[in-house]
Visitor: 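So that we are looking at the same thing, I have put the structure below in structure tokens.
By convention in this document, chain letters (A, B, ...) are assigned in the order of the sequence lines, proteins followed by strands, and residues within each chain are numbered from 1.
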Protein chains: 2
Amino acid sequence: MSIAENPGLRERKRLATRKAIQSAVLRLATEKGLEGVTVEEISRRADISPRTFFNYFVSKEAAIVGDGPELIESAELESFIQGGGGDIFDAVGDLMAEAADRASEDRDTLLLRRALHKQHPHLFALRMAGMRQFEDELTAVIARRLAHDDPSLARDQAALTSRARLITLVAIGTLRHAWSCWADEENGESLAKRVRDSFDQLDHLLVAAAAR
Amino acid sequence: MSIAENPGLRERKRLATRKAIQSAVLRLATEKGLEGVTVEEISRRADISPRTFFNYFVSKEAAIVGDGPELIESAELESFIQGGGGDIFDAVGDLMAEAADRASEDRDTLLLRRALHKQHPHLFALRMAGMRQFEDELTAVIARRLAHDDPSLARDQAALTSRARLITLVAIGTLRHAWSCWADEENGESLAKRVRDSFDQLDHLLVAAAAR
DNA sequence: CTGCAAGATTGCAGAGCATGCAATAATTGA
DNA sequence: TCAATTATTGCATGCTCTGCAATCTTGCAG
């Protein structure tokens, strides 16, 4: 118990099983197509019982799409909230690029998942569903920044929330754009870089639209 | 065969069955909760065999969320494509508000569906998935308008597509905002009106962001 | 009206998904 | 080493969804 006592044996094993399942389902789905894969076969490859599979994931699909992104540490959040002045979409874009970086797993997993997402749009929808919590957290953070930037807005709670939610959803749309570009590339940039690109394009769009 | 010979008896019956199923599933899910409803019970209420249910919908959930929106008639599309000059988001907002109007069914259905969406976020995700075709059509139309507005852009196919896709996804985000506001109201405006509101807010956001 | 072709409904069988429950096994901390 | 906690597993069960073949309905032409 000298090096790192954070992750005990139990925790490490759990993580390993989780990865094993995800790896198994991704490889199987790639080999035999999504519909041709059964939980039984996944379990055989991952060396667990079929029953155990459902202790980790509620469905085959959930094992494929993985977890949604998570918001960053509180210290950096504070700097986002207080870092007024600049374009808010730029700032949100940075937040998202960092989240994308943090969520990135090994490259093989990423590529397999990407290919499956491309073939099966409904998996993509599942991924969107898994982002709801992220969305809500993001909206809350953006609302705090808006209130900090413009205290007069903070008095009208409804307007504040509405605007924060709109910014969130536009940002999520931009994130989807980044995903879409990333998926279309043969085998290219990191997702984080693509995210920054898309937010840059959004910036150009805004300037053009407002200058009309 | 004097009034309208478009919909024969066959077609009318099919439509009626479809509505009966949707009505049955919405009422049952409202009464007993989404998880407490079986296909068998839905079929009993709709007076069809369970097997027939699956001839109409691929799943319980699909029967609840209904169909995605459809793009408008070609004549109005042409005017969108040629109607350069104005803010493109305004124009897209109009397109969407009209699509929302056209897709609206009877009020009861709408309200039940809304309540269920609120309780079960994953239904909402399914609805988003059902919009993929709409999204793709919208992107194609926007690309044509962009090319019409700025012929020099049309030479760089990749940039054109990328921009059209970004506009589409930002617009979809705004549509989601409209849904979200609409769902939060006790029992209010039409969805189409809400859509216009959200696109107005987007406009303000753009001006503010660009004027920073 | 009649008969035929196309299309819709149904029952049945079967594979797979997903969950609860209770027994068993592994990990933790004292 | 022991007791508490947590994870894994097998079993039973109910529901989802699909393919297939039989039957019935609708559309249409003669």
Visitor: So, taking the atom named CZ in Arg127(B) and the one named CE in Met128(A), what distance separates them when rounded to the nearest 0.5 Å?
Guide: 14.5 Å
Visitor: dA7(D) P sits how many Å from Arg18(A) CZ, rounded?
Guide: 13 Å
Visitor: Whole Å only: how far is the CD atom of Glu61(A) from the P atom of dC17(C)?
Guide: 9 Å
Visitor: Provide, to the nearest angstrom, the distance between the CZ atom belonging to Phe57(B) and the C1' atom belonging to dT9(C).
Guide: 16 Å
Visitor: Atom CZ of Phe53(A) and atom C1' of dG10(D): how far apart are they, to the nearest Å?
Guide: 18 Å
Visitor: Rounded to the nearest Å, what distance is computed from the CZ atom of residue Arg44(B) to the P atom of nucleotide dT10(C)?
Guide: 14 Å
Visitor: At less than 4.0 Å, is any side-chain N or O atom of Tyr56(A) found next to OP1 or OP2 of dA7(D)? Yes or no.
Guide: no
Visitor: At 4.0 Å (heavy atoms only), tell me whether Thr38(B) reaches a base, stays on the sugar-phosphate, or touches nothing.
Guide: sugar-phosphate
Visitor: Could you check how far CD of Glu35(A) sits from C1' of dC17(D), rounded to whole Å?
Guide: 11 Å
Visitor: Please check the phosphate of dA18(C) (OP1 and OP2 only) for any side-chain N or O of Arg51(A) closer than 4.0 Å.
Guide: no
Visitor: Can Ser162(B) and His177(A) be said to form a side chain to side chain donor-acceptor pair (under 3.5 Å), step by step?
Guide: CA-CA 8 Å; Ser162(B) 174; His177(A) 183 260; 3.2 Å; yes
Visitor: So which one's nearest nucleotide on DNA chain C is more toward 5', Asn55(B) or Leu9(A)?
Guide: Asn55(B)
Visitor: If the cut-off is 4.0 Å, is Lys13(B) near the phosphate of dT25(D), judged by side-chain N/O to OP1 or OP2?
Guide: no
Visitor: Please report the distance, rounded to the nearest Å, between CD in Glu40(B) and C1' in dT16(D).
Guide: 12 Å
Visitor: Closest-nucleotide mapping onto DNA chain D: is Phe54(B) or Arg10(B) further toward the 5' terminus? I mean the 5' end.
Guide: Phe54(B)
Visitor: Please determine whether salt bridge (Lys or Arg N to Asp or Glu O under 4.0 Å) holds for the pair Glu98(B) and Arg102(B), giving the CA-CA distance in whole Å, both sets of side-chain angles, and the decisive distance to 0.1 Å.
Guide: CA-CA 6 Å; Glu98(B) 284 167 37; Arg102(B) 215 151 1 91; 5.5 Å; no
Visitor: Hey, what's the ring geometry for His120(A) with His122(A), parallel, tilted or perpendicular (30° and 60° as the breaks)?
Guide: perpendicular
Visitor: Determine yes or no for a side-chain-to-main-chain donor-acceptor pair under 3.5 angstrom, with Arg196(B) supplying the side chain and Gly93(B) the backbone.
Guide: no
Visitor: In this structure, how many angstroms lie between the P atom of dA7(D) and the CZ atom of Arg12(A), rounded?
Guide: 15 Å
Visitor: Does Ser49(B) put a side-chain nitrogen or oxygen below 4.0 Å from OP1 or OP2 of dT9(C)?
Guide: no
